[in-house]
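Heavy-atom basis, side chains included; hydrogens, waters and symmetry copies ignored.
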Amino acid sequence: MEINLESLKEDEKKIIEYINSNEKDNYENIIKENLNDSVMLGLSNIRNNLVYAYDFEPDSTVLEIGAHLGEITGALCEKCAKVISVEPNEARARAILKRYSDKDNLDIVVTEISKIKLEEKFDYITLFGILEYAQEIFNTENPALDMILYCKKMLKPNGKLLIATDNKFALKSYIGEKDECTGITFDSITGYKNSNKQYKLGKKKIENVLKEAGMNHYKFFYPLPDYKLPSLIFTDEYLPSSSKINGYFPYYKENSSVFYSEVDAYDAIIKEDKKMFPFFANSYFIVASQEEFKDDTRYVSFNNYRKEEYQLMTKIREKVVEKTSINDKAKEHLKSMINNIENLKKENIEILDEAENDKVISKFVNIKLASQLVSDNVKNPEEILRILNKYKEELLKISVDYNEKERTVLEKYIPNVDKSILSKFKYLSNGYWDMILKNCFIIDGKCVFFDQEWVEENVPMEFLIYRSIMNVEKLRSKIDEYKIFEKMGIEKYITLFEELDGKITEEIIDKDIFGFFQRKHTNPIYENYYLREEKRKLEQENEELKEEKEKIIQEQKMIQKNLEKQNDEMKRKLEGIYDSRSWKIAKKITGIKNSLKNRKETK
């Protein structure tokens with residue numbers, strides 16, 4: 001049967017074409033070859049992160065309302081016993097069917113969202129990116145409320161509504177991101193005055209709608225950069241600190257203007273009052289129910305920028321921290337981490353982590369990281385050096401001298417390294433190169449480590465000190481002022497350590513995905529003010545140079561005129577000499593002398 005594609009956007013047609021002509025295993029290659037917004041948002045596994053982060057009951061049933069192109073459908077099938085996906089557009093529905101033809105617990109229903117007719121009641125109903133468009137589904141006075149009431153009828157009494165939605169007052173909207181619903185910059189934060197419609201809602205409005213609908217029990221999560229490609233997920237029990245907010249990279253649509261740094265703006269808000277963060281959060285993920293429920297998830301982070309085989313999820317709960325793999329490729333990496341834990345214990349190195357089935361578990365320690373202690377004391381160099389030297393003492397206890405018979409990590413990654421420098425370092429035979437202050441608590445005066453994913457043979461202790469310093473962002477600007485490298489005895493080796501760190505990172509980071517989050521965008525403030533001001537300064541400098549040039553030219557003309565005048569005077573003086581009686585006598589005497597001289601030479 002021929003499917004009508006006229007109602008689809010061009011980017012949707014392209015994604016459907018990719019789905020129809022490729023297997024899921026090839027999506028990663030498609031993303032790298034066509035790295036743009038629609039491909040990342042349509043095919044990337046990062047779209048699954050929100051589903052992976054949530055604790056679904058394993059034998060549960062899910063109704064996915066507005067499945068679109070199946071961005072999260074596969075993850076729902078992995079986490080739940082049965083999934084029914086509702087998609088109004090037949091072309092998109094067929095694409096979902098092709099995309100997940102291997103899922104036998106998936107049913108797809110093609111119908112308008114407002115006309116779902118199912119007798120079954122569900123454990124979960126998902127509204128991902130749907131609440132914003134409630135007014136286009138329900139032509140009523142309060143469409144958001146009617147959307148929630150509509151879903152409530154299809155939930156079990158203890159069922160949960162899972163809502164993922166962009167915030168009306170998202171910080172990225174203040175920064176210049178075009179409104180996704182209308183395509184107009186600043187539209188949501190100015191009340192959609194240009195659209196005459198209300199799409200996105202703020203947190204307070206959403207809470208009021210849920211209460212009015214009788215969904216009185218709810219929990220908000222705050223994903224960054226947003227719910228579509230989440231890297232960090234915060235909660236009211238675990239709001240971001242200044243150091244945590246620096247752990248993600250924003251992204252914006254290709255045609256957006258970016259007026260200033262989103263991360264810097266969040267940092268300023270958090271320093272003022274971290275309780276303001278929920279109001280400005282870019283997106284919300286909301287779990288709502290008629291009945292009281294317990295959810296002990298406080299914080300979740302993902303390694304989105306790594307290669308797939310190294311991607312793990314870290315989840316902080318009320319009492320424990322869990323680390324798990326989020327795809328089959330990463331399971332081997334998790335096994336390596338578990339092996340590291342066992343070896344660290346054999347070496348009597350204090351570590352919080354324990355292996356538990358297919359997870360790494362550690363007790364939640366409610367104290368500041370060693371790196372945060374350094375950051376908090378950024379104006380106190382003596383205290384910074386005290387912490388660094390304590391850390392160095394701990395490393396020295398497990399370090400050995402250089403053994404020329406054993407290859408070092410420097411020789412592995414930098415084959416042309418100057419061999420004479422190798423004996424300058426102390427080495428960790430099993431070099432857990434992420435055993436740095438960022439992954440360390442100081443408990444009872446001892447360094448206690450966690451998250452030791454990586455190990456290399458014979459890693460310089462001094463390299464770990466370098467990495468510890470460089471991974472405290474606030475300290476970087478003070479390194480020269482406080483002479484940190486010099487006082488820690490590593491200033492001669494910084495260039496070498498920078499190269500080694502870069503080589504190791506290359507093995508882990510997915511350059512293409514990382515590049516997507518590092519894209520440059522137009523900055524109207526820079527272009528309209530700074531560049532204009534720079535142009536004005538250059539034009540002024542150019543005028544000054546012209547004036548200076550003209551001044552020099554006039555001086556040269558004056559010098560030339562003076563020289564010509566002096567030359568004329570010299571000529572007149574010479575002409576006066578030539579006409580004088582004394583010159584004529586001198587000239588005759590000179591002629592007689594020359595004549596006598598010639599006669600002598602002839603004789």
Side-chain angles (χ1 to χ4, degrees), residues 50-51 53-57 59-66 72 76 79-80 84 86 113-114 116 118-135 137-138 140-170 198-223 227 230 233-239 274-300 315 317-318:
L50 213 54
V51 175
Y54 183 69
D55 296 324
F56 287 88
E57 294 295 330
D59 295 324
S60 58
T61 57
V62 183
L63 175 64
E64 181 189 18
I65 294 181
I72 65 165
L76 290 172
K79 299 271 283 187
C80 305
I84 295 179
V86 175
I113 289 174
S114 61
I116 300 171
L118 298 168
E119 295 182 4
E120 184 176 358
K121 302 292 184 182
F122 296 88
D123 296 300
Y124 302 99
I125 294 178
T126 66
L127 291 175
F128 277 46
I130 300 299
L131 190 62
E132 300 95 309
Y133 298 96
Q135 63 188 316
I137 300 169
F138 295 96
T140 59
E141 187 175 334
N142 195 338
L145 174 61
D146 292 331
M147 182 86 244
I148 302 300
L149 290 170
Y150 178 67
C151 293
K152 180 182 174 182
K153 293 177 183 178
M154 295 182 280
L155 278 171
K156 293 178 180 179
N158 65 342
K160 297 179 180 67
L161 181 60
L162 308 182
I163 303 169
T165 181
D166 284 327
N167 176 18
K168 179 178 182 178
F169 302 105
Q198 293 295 317
Y199 290 94
K200 301 173 187 175
L201 305 177
K203 184 174 185 242
K204 191 69 177 177
K205 177 66 173 177
I206 294 171
E207 288 178 317
N208 290 339
V209 167
L210 290 172
K211 290 174 184 176
E212 193 173 347
M215 307 292 279
N216 294 304
H217 305 280
Y218 50 83
K219 179 172 181 174
F220 275 73
F221 296 80
Y222 311 109
Y227 79 83
I233 304 174
F234 296 97
T235 62
D236 289 306
E237 299 90 353
Y238 197 102
L239 291 171
K274 66 167 58 178
K275 290 182 180 179
M276 294 168 62
F277 171 76
F279 180 84
F280 292 105
N282 284 336
S283 293
Y284 300 128
F285 174 56
I286 308 139
V287 182
S289 179
Q290 301 173 71
E291 297 184 2
E292 190 174 354
F293 63 90
K294 181 173 176 57
D295 188 310
D296 69 345
T297 299
R298 293 186 170 190
Y299 167 78
V300 187
K315 182 180 289 189
R317 297 188 182 276
E318 186 176 353

**OP:** Let me see the working for Leu131 and Val209 under side-chain contact (heavy atoms from CB on, under 4.5 Å), right down to the final yes or no.
**Re:** CA-CA 11 Å; Leu131 190 62; Val209 167; 6.0 Å; no
Original post:
Do you see a donor-acceptor pair shorter than 3.5 Å between the side chains of Glu64 and Thr126?
Top reply: no
**OP:** Please indicate whether Glu141 has more than 12 foreign heavy atoms, meaning atoms of other residues, nucleotides or ligands, lying under 6.0 Å from its CD.
**Re:** no
**OP:** Give, for atom NZ of Lys211 and atom CD1 of Ile148, the distance between the pair rounded to the nearest 0.5 Å.
**Re:** 14.5 Å
Original post:
Does atom NZ of Lys121 have more than 12 heavy-atom neighbours from other groups under 6.0 Å away?
Top reply: yes
Subject >> Minimum-distance pair of heavy atoms, taken over all atoms of Gln198 and Gln135 >> reply: O-NE2, 2.7 Å
Original post:
Roughly how far, to the nearest 0.5 Å, is CD1 of Ile130 from CD1 of Ile125?
Top reply: 12.5 Å
Original post:
At what distance, to the nearest 0.5 angstrom, does CD of Glu212 lie from CG of Leu145?
Top reply: 4.5 Å
Original post:
Going by atom types only, do Asp236 and Tyr222 share a side-chain donor-acceptor pair under 3.5 Å?
Top reply: yes
**OP:** Answer with yes or no after comparing the ring centroid distance for Tyr284 and Phe220 against a 6.0 Å cut-off, counting only values under it.
**Re:** yes
Original post:
Where does the angle between the aromatic ring planes of Phe285 and Phe221 fall among parallel (under 30°), tilted (30 to 60°) and perpendicular (over 60°)?
Top reply: tilted
Subject >> Heavy-atom closest contact (Phe277 atom, Leu239 atom, distance) >> reply: CD2-CD2, 4.1 Å
Subject >> Backbone N/O of Thr297 and side chain of Lys219: donor-acceptor pair under 3.5 Å >> reply: yes
Original post:
Are Lys79 and Tyr54 in a cation-pi setup, meaning NZ or CZ lies under 6.0 angstrom from the ring centre and within 45 degrees of the ring axis?
Top reply: no
Original post:
So, does Tyr150 use its side chain to make a donor-acceptor pair with the main chain of Ile116 at under 3.5 Å?
Top reply: yes
Original post:
Of the non-hydrogen atoms in Ile233 and Pro230, which two are nearest, and what is the gap between them?
Top reply: CG1-CB, 4.3 Å
Original post:
Taking the side chain from Ser289 and the backbone from Gly159, do they hold a donor-acceptor pair closer than 3.5 Å?
Top reply: yes
Original post:
Would Lys203 and Glu207 pass as an ion pair if we require N to O under 4.0 Å?
Top reply: yes
Subject >> Electrostatic pair Asp295-Lys160, nearest N-O below 4.0 angstrom >> reply: no
Original post:
Taking the side chain from Asp123 and the backbone from Lys156, do they hold a donor-acceptor pair closer than 3.5 Å?
Top reply: no
Original post:
Is the backbone of Ala53 close enough, under 3.5 Å, to the side chain of Lys315 for a donor and an acceptor to pair up by distance?
Top reply: yes
